[in-house]
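Taking it in order: structure first as structure tokens, then the write-up.
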Amino acid sequence: MPSLQTLLMFATASLALAVIPGPTMLLALSNGMSGGLRRAAWGMAGATLGSAVVIAVVAIGLGSLMLASAWLFEVVRVVGVLYLLWLAVQLWRSPVADVQATLAHVPGREVQGRAAFTRSLTVALSNPKALLFFGAFLPQFVDPAQALAPQYALLGALFIAIDTAVMVAYALAGRQAVRWLSQAGLRWLNRGCAAGMGLLALLLAGYRRHAA
């Protein structure tokens, strides 16, 4: 198993990477604003499942196979770009929820929660940079002389725990924004999330694998 020093180094690097606003973090912030912590929890569950799937793919070696296939990588990248752009448009056009409705129980919120789950899961699975990140980052902390599966499981669980904690912070920030900001302020904050999502899509569109 990884040493304590290795785990501390991995945790520090994971935290530094997690706090940088990515698509799942922006979704957590937006979900916290528009649907409160319940919808944000659904979204975080989707993002967590997506990360777990990608880590498992890397651990069993399919990540290397995918990265070796230029056309498959490009297909995933294009799908990721289009989906992020679609999300950006949806966030930009979505009306800001009424403050009292957001804080109170709203009928149908569970349906909205399942939609948040699917949306975050799709984002996590359609981002090829996540595959590149886990494929290049995780193996650096794995000792090939020891059993690989337990190491990947431990490191993956640690990353997911840190990533989830950061998403909770983003969701709480969105929740507090509903309490503190005016409707106009909330609208511009939501559009800021949309603009960030669009920027991430453009960065992914211009990303080239050999530059990693």
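Everything quoted here is computed from the prediction, not taken from an experiment. Numbering of residues begins at 1 and proceeds along the displayed sequence.
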* Structure fact -> Closest heavy-atom pair, Ala28 versus Ala40, reported as atoms and distance to 0.1 Å, is O-CB, 4.3 Å
* To do: Just grab all the ring pair (Phe, Tyr, Trp, His ring centres under 6.0 Å) pairs involving residues 8-39, residues at least two apart or on different chains.
  => Phe10-Phe137, Phe10-Phe141
* Asked: Does Leu154 share a hydrophobic cluster with Leu8, counting links as ILVMFWY side-chain heavy atoms below 4.5 Å and allowing steps through other members?
  -> no
* Find the distance between CG (Asn31) and CG (Leu26) and round it off to the nearest 0.5 Å. => 11.0 Å
* Joint hydrophobic cluster, Met9 plus Val142, side-chain heavy atoms closer than 4.5 Å -> yes
* **Leu155 vs Leu7 side-chain heavy atoms within contact, under 4.5 Å** => yes
* For the residue pair Met25 and Ala18, what are the closest heavy atoms and their distance? -> CE-O, 3.5 Å
* To do: Applying ring pair (Phe, Tyr, Trp, His ring centres under 6.0 Å), name anything that partners Phe117, two or more places apart in sequence or on another chain.
  => none
* With sequence neighbours left out, what residues match Tyr170 under ring pair (Phe, Tyr, Trp, His ring centres under 6.0 Å)? -> none
* Would you check if the side chain of Asp163 reaches a backbone N or O of Phe159 as a donor-acceptor pair within less than 3.5 Å? => no
* Asked: Nearest 0.5 Å, what's the CG-CG distance between Leu85 and Leu202?
  -> 6.5 Å
* To do: Would you check if the side chain of Gln146 reaches a backbone N or O of Gln151 as a donor-acceptor pair within less than 3.5 Å?
  => no
* Note, Leu27 side chain near Met167 side chain (heavy atom, < 4.5 Å) -> no
* Mind listing the closest non-hydrogen atom pair of Gly174 and Leu29 along with its distance? => N-CD1, 3.4 Å
Donor-acceptor contacts under 3.5 Å from residues 47-58 side chains, at least two apart:
unit_1: Thr48; atom_1: OG1; unit_2: Met44; atom_2: O; d: 2.8
unit_1: Thr48; atom_1: OG1; unit_2: Thr164; atom_2: OG1; d: 3.3
unit_1: Ser51; atom_1: OG; unit_2: Ala47; atom_2: O; d: 3.2

* **Set of residues satisfying side-chain contact (heavy atoms from CB on, under 4.5 Å) with respect to Ala11, sequence neighbours excluded** => Leu158, Ile162
* State which residues pass side-chain hydrogen bond (donor to acceptor under 3.5 Å, both in side chains) with Ser14; sequence neighbours excluded, sorted by chain then number. => none
* Asked: Looking only at heavy atoms, what is the nearest atom pair of Ala116 and Arg39, with distance?
  -> CB-CG, 3.6 Å
